[in-house]
Amino acid sequence: MKLYHATADIFRKTDFMLRRCIGKKLRTLDDEIYRSQHCLLMNLGANPNCSQSELAAKLEISPAAVAVSLNKLEKGGYIARRTDADDHRSNRVSITDRGNQVISKSMLLFDEVEGGMFEGFSQEETEQFYGFLLRAYQNLSRMQEGMSDRETGEKKDVGKSKDAEKNGEKEA
């Protein structure tokens, strides 16, 4: 096996194990909230009063998926939504006291798991590892930008395609 295959394989296994450890720790906090909802809460904690569409863009998920998660979080009393004063079609999402309590506890658990993951690493090794992963991410991002929609599994914007056809334009 080539070294880069083995490295990519251990990276996938490490990512899986990290998610598994975090998931197990988060389940000890509150049975009502799933890992993806924790992610939403954490993002709201870092970016208070976002709109639903801003959250979807930040998390790179569909607005519909955000709406479903927010409905559950709102029913549980973790978030509150209010109509945007400037755009009545849009909602602003804020975290309640109950949501802030979950975020605080989650931060402690993330620190515990991530600290454990890097146990025995020096500061220099951790910084070097970060640099390597950042470079790999940037390489993949550039590759993905050059791929066709079919290769990435993304759907084309049908409206844009029809408009381009009307104007006699070819898609890039």
Side-chain angles (χ1 to χ4, degrees), residues 1-48 50-73 76 78-79 93 95 99-158 160 171-172:
M1 181 182 275
K2 293 182 179 178
L3 182 57
Y4 61 83
H5 289 306
T7 303
D9 185 53
I10 196 67
F11 174 76
R12 282 187 290 274
K13 288 177 181 177
T14 303
D15 179 57
F16 176 78
M17 190 58 65
L18 175 62
R19 290 173 186 266
R20 177 183 267 178
C21 287
I22 287 173
K24 282 184 178 183
K25 290 283 187 180
L26 290 176
R27 280 193 293 280
T28 66
L29 286 180
D30 194 327
D31 290 335
E32 295 179 27
I33 300 179
Y34 295 104
R35 190 171 51 88
S36 61
Q37 293 166 340
H38 272 97
C39 185
L40 256 173
L41 274 177
M42 301 296 283
N43 199 288
L44 276 169
N47 304 287
C50 280
S51 70
Q52 289 179 212
S53 57
E54 289 168 343
L55 275 172
K58 285 180 193 306
L59 297 171
E60 297 181 359
I61 58 176
S62 73
V66 169
V68 169
S69 289
L70 289 179
N71 285 340
K72 291 177 184 176
L73 288 170
Y78 301 97
I79 61 125
V93 185
I95 300 173
N100 278 319
Q101 290 172 359
V102 170
I103 289 172
S104 295
K105 291 176 185 175
S106 295
M107 293 297 289
L108 294 173
L109 293 179
F110 286 127
D111 283 346
E112 180 184 338
V113 171
E114 292 167 357
M117 182 172 79
F118 289 103
E119 189 173 316
F121 283 65
S122 69
Q123 178 71 24
E124 183 179 315
E125 288 171 327
T126 305
E127 289 171 4
Q128 203 173 24
F129 185 64
Y130 173 81
F132 293 151
L133 287 177
L134 180 60
R135 193 172 348 149
Y137 176 82
Q138 289 167 338
N139 290 343
L140 290 170
S141 291
R142 280 193 301 276
M143 285 177 61
Q144 192 266 340
E145 287 172 6
M147 292 180 179
S148 69
D149 289 338
R150 184 171 185 195
E151 289 173 312
T152 61
E154 294 178 10
K155 295 182 180 179
K156 291 181 181 180
D157 187 337
V158 177
K160 286 184 180 178
E171 287 189 50

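Just so you know, these numbers use all the heavy atoms, side chains as well, and skip hydrogens, waters and symmetry mates. Since the structure is predicted, the reported quantities are computational estimates derived from the model, not experimental observations.
When all heavy atoms of Cys39 and Leu59 are compared, the closest pair comes out as SG-CD2, 3.8 Å. Residues Ile103 and Gly45 share a closest heavy-atom pair of CD1-CA, 4.0 Å. Heavy atoms only, all atoms of each residue included: Glu125 and Gly120 are closest at OE1-O, 3.8 Å. Across Gln52 and Leu70, no two heavy atoms sit closer than the pair CG-CD1, 3.4 Å.
Gln123 and Glu127 share a donor-acceptor pair across their side chains, judged by distance under 3.5 Å alone.
Counted within 6.0 Å of CZ on Phe11, heavy atoms from surrounding residues, nucleotides or ligands total 12 or fewer; the atom is thus considered open. Residue-environment remark: CD (Gln138) exceeds the threshold of 12 foreign heavy atoms within 6.0 Å. The number of heavy-atom neighbours closer than 6.0 Å to CE of Met143, taken from other residues, nucleotides and ligands shown, is 12 or below.
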request  = Starting from the C-alpha separation in whole Å, work towards a yes-or-no answer on side chain to side chain contact (heavy atoms under 4.5 Å, CB included) for Met117 and Leu18.
outcome  = CA-CA 8 Å; Met117 182 172 79; Leu18 175 62; 4.0 Å; yes
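For Lys24, there are no side-chain hydrogen bond (donor to acceptor under 3.5 Å, both in side chains) partners two or more places apart in sequence or in a different chain. Residues that satisfy the ring-ring contact (aromatic ring centres under 6.0 Å, His included) test with Phe129, not counting sequence neighbours, are Phe118. Qualifying ring-ring contact (aromatic ring centres under 6.0 Å, His included) partners for Phe132, counting only residues two or more places apart in sequence or in other chains: none.
Remark: the backbone N or O of Val66 is not paired with any side-chain donor or acceptor of Ser69 at under 3.5 angstrom.
Checked options Leu73, Leu40, Leu44; the residue passing with Tyr78 is Leu73 (criterion: side chain to side chain contact (heavy atoms under 4.5 Å, CB included)).
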